[in-house]
Amino acid sequence: MTETHVSADTIRSIFSAAMTQMYRDEVPRYLEMARIVGEIDGEALARDPALEARLRRSGAFDLIGVERHGAIRVGRPEELTGLRRLFAVMGMYPVGYYDLTPAGVPVHSTCFRPVETASIRRCPFRIFTSLLRPELIEGEDLRREAQEILARRRIFTPRCLHLIELFEANGGLGEAQAIDFVHEALHTFRWRGEATVTAGVYEAYRKAHPLVADVVCFHGPHINHLTLPTLDMDAAQAALAEHGLDPKSIVEGPPQRQFPILLRQTSFKAVAEPVRFAGRDDVRGEHRARFGEIEQRGAALTAKGRALYDRLLAETLAVAPPREDAIADYSAELKRRFADFPDDAATLRAQGLAFFRYAPGETRAKTNAGTCDVEALLRDGALVAEPITYEDFLPVSAAGIFQSNLGEGGRRELSAASNREAFEHALGTKVADAMAIYAHEEKSSLERALATLGQRSPMAENAGR
Ligand code: OOG
Ligand code: NI
């Protein structure tokens, strides 16, 4: 990387801002949602005077109201390979493999995201990216035709591909090239209100599965939602309903807690957008795929913490599934079950349920240099531990979000084995393991902090889980 190159973080910031502008123009309801979330966050800050200081300390204050993620869906392996190359220009790398077939959605997914903590703080934007599994389309003719339709489209502009090649050859882009790149890349994610197929073909795929229609029948992977953070998820959920924005009926993820974990999410349901179909010019219809989402992130959980989370959620879903007529039962059951999940930092750390980032504290160590007693250092305030934020996604939540936006018929019984190998083959690389990223962050932060305190760190291993 030479001096004349713009950093990947900067390109991602420009891209995220441009994408946000585009989506607010394309989906006015999203702009309305952003206004509502702004008000909710303002009220949360006014209510709790200590909140601002806490957010400033963690670097989160400047990111209030800044989009955290978006999502797209592609149809062909080559398209996924292309996206991997495109996102690399912006410092976004595939983390995690998500199999959505247990939820009846015929895709598997990853998240392209910044990985280094400093990069996430500069611009947290990431894209949840799903690849269609055409082998799961019912009906041989539809399956074959889908591949033919998809084979005809080109989702990247020639100029975009050229700029990606320049980036790969030179290890970076200059300022004018970066701006040009963002402009070209946006074309890939734009909504054009125009199907590549006739109304009849669209209808056949919509009947097979609404998600398949969304992937197969259009020019490319139009951005299907953006997601804003909020400081108060439950208030945001209530406000969406009050303003008539038609939110999904439950907040996905853990219940409201003192010590937030993982990820809570809600969304307004996809809006109907006009579509022109191929063939006779007078055929018009509508398509529902694009929505707006709100998220609130908490601590990343260790494998042990995650197993507890998965168990409590599965038990809740088994006893009180979130049916439209039984939402209150679901919420009550979720709250009751999650009483078993410790809700304070000290216990979560002591039991190894969540990941923490360590740093030297304000007080001098009372313990002797070299003893390296992490617990004593924490007690003395010579070492401090703050939770590491969860930066990934939850398959059960993602399934709920897919479902509520596919309208009628979005759920199918799919009994397919997950196929990570095929996904990684299409991607052209392996996906990174999220758990390993958090574990590394915890361990290296502890080692750095101990070194600063003049403590030897053979014990650092005890904290790396
Ligand atoms: C992606 C749904 C998953 C999330 O926040 O869990 C997602 C999609 O509908 O394409 O974005
Ligand atoms: Ni999302």
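Counting convention: from 1, in listed order, for ligands and their atoms alike.
In this pair, His108 and Tyr97 present their aromatic rings perpendicular. The plane angle is above 60°, beyond the 30 to 60° band. The aromatic rings of Phe87 and Phe189 sit parallel, their planes meeting at an angle under 30°, below the 60° perpendicular limit.
The shortest N or O to N or O distance between Ser397 and ligand 1 is not under 3.5 Å.
Among protein heavy atoms, atom 5 (O) of ligand 1 sits closest to Gln265 NE2, 2.6 Å. Protein heavy atom at the shortest distance from atom 2 (C) of ligand 1 is Phe402 CE1, 3.7 Å.
Checked options Glu43, Gln296, Arg47; the residue passing with Asp232 is Arg47 (criterion: side chain to side chain contact (heavy atoms under 4.5 Å, CB included)). Applying side chain to side chain contact (heavy atoms under 4.5 Å, CB included) to Phe218 and the options Glu194, His287, Arg192 leaves one that passes, His287.
Those atoms of ligand 1 with a heavy atom of Glu293 less than 4.0 angstrom away are 4 (C), 5 (O). Close contacts of ligand 1 with Ala71, meaning ligand atoms under 4.0 Å from a residue heavy atom, involve 1 (C), 10 (O), 11 (O).
Of all N/O/S atoms in Glu293, OE1 sits nearest the Ni ion (ligand 2).
Looking at Ala398 against ligand 1, both its backbone and its side chain come within 4.0 Å, counting heavy atoms. Residue Thr227 does not touch ligand 1, judged by heavy-atom distances below 4.0 Å. Neither the backbone nor the side chain of Glu295 comes within contact range of ligand 1; no heavy atom lies under 4.0 Å.
Here the two rings, on Phe181 and Phe167, have centers that are 6.0 Å apart or farther.
Distances from atom 9 (O) of ligand 1 to the heavy atoms of Arg73, His225, Gln403 show the closest one on Arg73.
At least one cation-pi condition fails for Arg85 and Phe112: the charged atom is not both under 6.0 angstrom from the six-membered ring centre and inside a 45 degree cone around its axis.
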Review point. Hey, mind stepping through Asp234 and Arg264 against side-chain contact (heavy atoms from CB on, under 4.5 Å) and telling me if it holds?
Key: CA-CA 10 Å; Asp234 295 309; Arg264 301 186 75 212; 3.1 Å; yes

Between Arg288 and Asn405, does a side-chain contact (heavy atoms from CB on, under 4.5 Å) hold up when you go through it step by step?
CA-CA 8 Å; Arg288 271 178 203 272; Asn405 287 292; over 6 Å; no

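Residue contacts with ligand 1 include Ile401, since one or more of its heavy atoms lies under 4.0 Å from the ligand. In this structure, His69 counts as a contact residue of ligand 1, since one of its heavy atoms falls inside 4.0 Å of the ligand.
Rounded to 10°, the angle formed at the Ni ion (ligand 2) by NE2 of His225 and NE2 of His69 is 110°.
Remark: the Glu67 side chain and the Ser16 side chain contain no N/O donor-acceptor pair separated by less than 3.5 Å.
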